[in-house]
Amino acid sequence: MTPEDLSSALFDIVTARLDGSASITAADVLLERPRNRDHGDWTSNIAMKLAKSLGTNPRAFAAELVPEISAIAGVSKVDVAGPGFINITLDTAAAGEIARSILVAGDSYGHNHQLDGLSVNMEFVSANPTGPLHLGHTRWAALGDAIARVLSASGAEVTTEYYINDAGNQMDNFGASILAAAKGEPTPEKGYPGEYIQQLAAKVLEQVPNLAELPHDEAVGVARDIGYRQQLEEIKTSLESFNVHFDVFFSELSLHETDPETGLSLIDQAAVRLREQGHVYEKDDAVWVKTTDFGDDKDRVLTRGNGITTYFAADAAYYLNKKDRGFTEKIYLLGADHHGYVGRLKALAAAAGDDPDVNISVLIGQLVNLNGAKLSKRAGNIIELDDLVAWVGADALRYWLARYPADSPLSLDGEVLRSRTNDNPVFYVQYAHSRTRSVAKNAAAAGVDRSVFEPSLLSHEAETELLGSLQELPRIVAQSAELREPHRVARYLEEVAGHYHRWYSVCRVLPLGDEPVTDLHRTRLWLNDATGQVIRNGLELLGVSAPDRM
RNA sequence: GCCUCUGUAGCUCAGUGGAUAGAGCAGCGGCCUUCUAAUCCGCUUGUCGUAGGUUCGAUUCCUACCAGGGGCACCA
């Protein structure tokens with residue numbers, strides 16, 4: 001008896017009762033875990049939802065359903081309570097069966113079909129390649145990667161993508177900064193002052209020892225190109241060490257390159273396409289897109305009076321490129337400092353003929369600060385991602401960043417992240433996992449194996465609670481994917497870990513002293529192992545390791 | 001001025017219309033010769049920012065207001 005079985009059985013009963021007088025979908029027949037366990041294992045508010053359209057009293061309607069629900073295999077008790085809740089209690093064996101289901105499903109337990117058929121482009125981080133990843137990027141790296149994982153686990157086809165802003169003045173400023181450092185000159189105006197610039201300059205000089213003798217513009221170009229390649233490699237390495245994977249690194253520069261056959265760049269082509277759709281006009285020597293037709297608060301410039309295209313033009317070309325690659329949904333994960341982009345991106349999607357409510361999602365996250373201090377790359381007081389990882393560990397950092405909703409302000413406290421106490425929930429969860437492993441190991445040594453599984457024996461209150469939480473993983477994952485809120489997985493894991501620790505303290509898997517090994521011990525080993533599987537699968541979705549020992 | 005996010009226990013925060021609003025921390029008090037005490041058990045804490053509205057029911061949805069964060073380029 002999985003929750004899905006119960007849910008579909010309930011759905012059939014309600015549908016039959018309706019007899020075509022009202023239509024409902026499976027999603028309407030929502031089964032929930034009641035907060036108060038006195039209200040049973042599962043509860044449904046379907047009677048209250050339907051009472052109005054049926055013109056009947058919710059309690060009366062619920063009461064009519066009770067006999068049929070009671071007849072479902074594995075259901076031991078059905079009550080109508082309060083304004084019309086239907087509270088369902090399962091018999092012990094039916095509830096315990098989930099432990100076996102989990103172990104059969106293994107690493108795929110929790111995966112679901114909520115988003116089957118959805119093709120998603122998930123863009124995040126996209127930091128300028130003019131310096132190392134720093135604190136400001138950590139949240140998007142952890143969150144974006146976790147979102148991609150829950151989407152995939154829910155059946156979506158996901159491509160993770162990093163947009164490299166490798167065009168424009170900033171790259172020249174970057175090159176000029178490296179050149180200045182190579183020559184021992186002060187950082188130029190609008191340049192990058194960080195210590196890493198010195199190291200990049202040293203790399204450039206290794207490859208081009210006569211850099212200082214080249215004509216200035218050429219030297220800037222050489223410093224820029226070599227520095228860029230080096231910096232991008234370091235960014236990729238940092239992301240790997242943070243367990244964040246990108247399928248595609250997309251170069252903005254490639255949007256500017258002209259096709260030798262047509263003489264047009266992707267940006268030019270985008271302008272043509274938008275013009276063909278009737279959304280482009282000229283004013284004050286510039287070329288504009290009428291994004292206000294699609295809800296933007298002002299029109300946007302594609303080509304400036306001086307003939308140079310804007311960053312927005314590249315955004316447009318990039319969006320069209322994603323559309324051409326066939327993604328039904330383009331997700332952008334941006335910081336709150338970019339929230340002004342939402343309107344123009346949505347308008348862009350609409351102008352391109354897409355549905356802005358379906359084909360594009362712009363997720364805005366609040367910024368992170370560390371011990372109250374905000375950091376600026378330009379100011380040179382950056383805290384690099386690598387330093388943070390080395391300081392507190394990738395697991396603690398990723399878990400902390402993933403356990404809060406994106407729109408919740410977040411501050412990092414290095415001392416808490418390093419602490420081995422309940423201040424730092426990652427250890428609470430990881431410890432629970434390692435405990436399941438050590439119990440399993442000791443069980444093997446004590447001759448307890450999984451040769452017998454008798455779920456009706458899992459009748460202790462702590463086991464009921466634990467089983468109840470274990471069966472929720474699939475719906476938690478589906479919900480996290482649907483809402484793009486992976487923090488729900490983290491909060492759920494903390495709940496599972498709590499139930500496990502409490503179970504551990506009252507229910508022994510191993511026999512005491514000279515006690516014989518019983519079927520209860522064997523069956524509990526199933527439950528122990530199933531718990532380990534659930535925690536491992538959940539942590540995997542957050543990109544956090546599940547150690548066997550701590 | 002406009003847009004947007006946030007406001008829940010002393011602190012940090014969960015809670016996508018349900019029943020008596022939760023967790024961790026902090027505070028006080030318990031349990032280690034038996035599967036790892038990084039665990040567990042007990043006690044204590046609320047005008048869910050304010051005021052209206054929507055309905056069987058609102059911390060949750062809508063409106064206004066108050067307070068705080070962020071944003072409103074022919075920069076990238």
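Reminder, nothing fancy here: chain letters follow the sequence lines and each chain counts from 1.
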S.K.: Please determine whether a side-chain nitrogen or oxygen atom of Arg491(A) lies at a distance below 4.0 Å from atom OP1 or OP2 of G15(B).
M.R.: no
S.K.: Please collect all ring pair (Phe, Tyr, Trp, His ring centres under 6.0 Å) contacts where either partner lies in residues 31-62 of chain A, sequence neighbours excluded, each pair once.
M.R.: none
S.K.: Excluding sequence neighbours, so at least two apart, what forms salt bridge (Lys or Arg N to Asp or Glu O under 4.0 Å) with Arg450(A)?
M.R.: Asp529(A)
S.K.: Determine whether a donor-acceptor pair (one donor, one acceptor, N or O, separation below 3.5 Å) exists between the side chain of Asn45(A) and the base of G18(B).
M.R.: yes
S.K.: Just checking Pro405(A): base, sugar-phosphate only, or nothing, at a heavy-atom cut-off of under 4.0 Å?
M.R.: sugar-phosphate
S.K.: In chain order, what residues pass the side chain to side chain donor-acceptor pair (under 3.5 Å) check against Asp296(A), with sequence neighbours excluded?
M.R.: Thr291(A), Arg300(A)
S.K.: What are the atom names and distances for every N/O pair under 3.5 Å that joins the protein to nucleotides 5-7 of chain B?
M.R.:
{"unit_1": "C5(B)", "atom_1": "O2'", "unit_2": "Gln366(A)", "atom_2": "NE2", "d": "3.3"}
{"unit_1": "C5(B)", "atom_1": "O2'", "unit_2": "Asp407(A)", "atom_2": "O", "d": "2.9"}
{"unit_1": "U6(B)", "atom_1": "OP1", "unit_2": "Asp407(A)", "atom_2": "OD2", "d": "3.3"}

S.K.: Taking the ring of Tyr332(A) and the ring of His338(A), is the distance between their centroids below 6.0 Å?
M.R.: no
S.K.: Counting the atoms with a prime plus P, OP1 and OP2 as sugar-phosphate, which does Arg420(A) contact under 4.0 Å by heavy atoms, base, sugar-phosphate, or nothing?
M.R.: base
S.K.: Should the side chain of His339(A) and the base of C72(B) be counted as holding a donor-acceptor pair, with the cut-off at 3.5 Å?
M.R.: no
S.K.: What nitrogen or oxygen pairs link the protein and nucleotides 73-76 of chain B at under 3.5 Å?
M.R.:
{"unit_1": "A73(B)", "atom_1": "O5'", "unit_2": "Lys298(A)", "atom_2": "NZ", "d": "3.4"}
{"unit_1": "C74(B)", "atom_1": "O2", "unit_2": "Gly305(A)", "atom_2": "N", "d": "2.7"}
{"unit_1": "C74(B)", "atom_1": "N4", "unit_2": "Asp284(A)", "atom_2": "O", "d": "3.0"}
{"unit_1": "C75(B)", "atom_1": "OP2", "unit_2": "Arg304(A)", "atom_2": "NE", "d": "3.2"}
{"unit_1": "C75(B)", "atom_1": "OP2", "unit_2": "Arg304(A)", "atom_2": "NH1", "d": "2.4"}
{"unit_1": "C75(B)", "atom_1": "N4", "unit_2": "Tyr341(A)", "atom_2": "OH", "d": "3.4"}
{"unit_1": "A76(B)", "atom_1": "OP1", "unit_2": "Arg304(A)", "atom_2": "NH2", "d": "2.8"}
{"unit_1": "A76(B)", "atom_1": "O3'", "unit_2": "Ala167(A)", "atom_2": "O", "d": "2.7"}
{"unit_1": "A76(B)", "atom_1": "O3'", "unit_2": "Gln170(A)", "atom_2": "NE2", "d": "3.2"}
{"unit_1": "A76(B)", "atom_1": "O2'", "unit_2": "Gln170(A)", "atom_2": "OE1", "d": "2.5"}
{"unit_1": "A76(B)", "atom_1": "O2'", "unit_2": "Gln170(A)", "atom_2": "NE2", "d": "2.5"}
{"unit_1": "A76(B)", "atom_1": "N6", "unit_2": "Tyr341(A)", "atom_2": "OH", "d": "2.3"}
{"unit_1": "A76(B)", "atom_1": "N1", "unit_2": "Tyr341(A)", "atom_2": "OH", "d": "2.1"}

S.K.: Got a sec, which residues hit side chain to side chain donor-acceptor pair (under 3.5 Å) with Asn87(A), two or more places apart in sequence or on another chain?
M.R.: Thr43(A)
S.K.: For Asp79(A), what residues pass the salt bridge (Lys or Arg N to Asp or Glu O under 4.0 Å) criterion, not counting sequence neighbours?
M.R.: Lys77(A)
S.K.: Residues in side chain to side chain donor-acceptor pair (under 3.5 Å) with Arg344(A), at least two apart?
M.R.: none
S.K.: Taking salt bridge (Lys or Arg N to Asp or Glu O under 4.0 Å) as the test, write out the residues that go with Asp449(A), two or more places apart.
M.R.: Arg522(A)
S.K.: In residues 477-487 of chain A, what residues come within less than 4.0 Å of RNA chain B, judged by heavy atoms?
M.R.: Gln479(A), Leu483(A), His487(A)
S.K.: Which dot-bracket string describes RNA chain B (Watson-Crick N1-N3 plus N6-O4 or O6-N4, or G-U N1-O2 and O6-N3, all under 3.5 Å; [ ] crossing; | other strand)?
M.R.: (((((((..((((....[...)))).((((.........)))).....(((((..]....))))))))))))....
S.K.: What residues form a salt bridge (Lys or Arg N to Asp or Glu O under 4.0 Å) with Asp172(A), not counting sequence neighbours?
M.R.: Arg224(A)
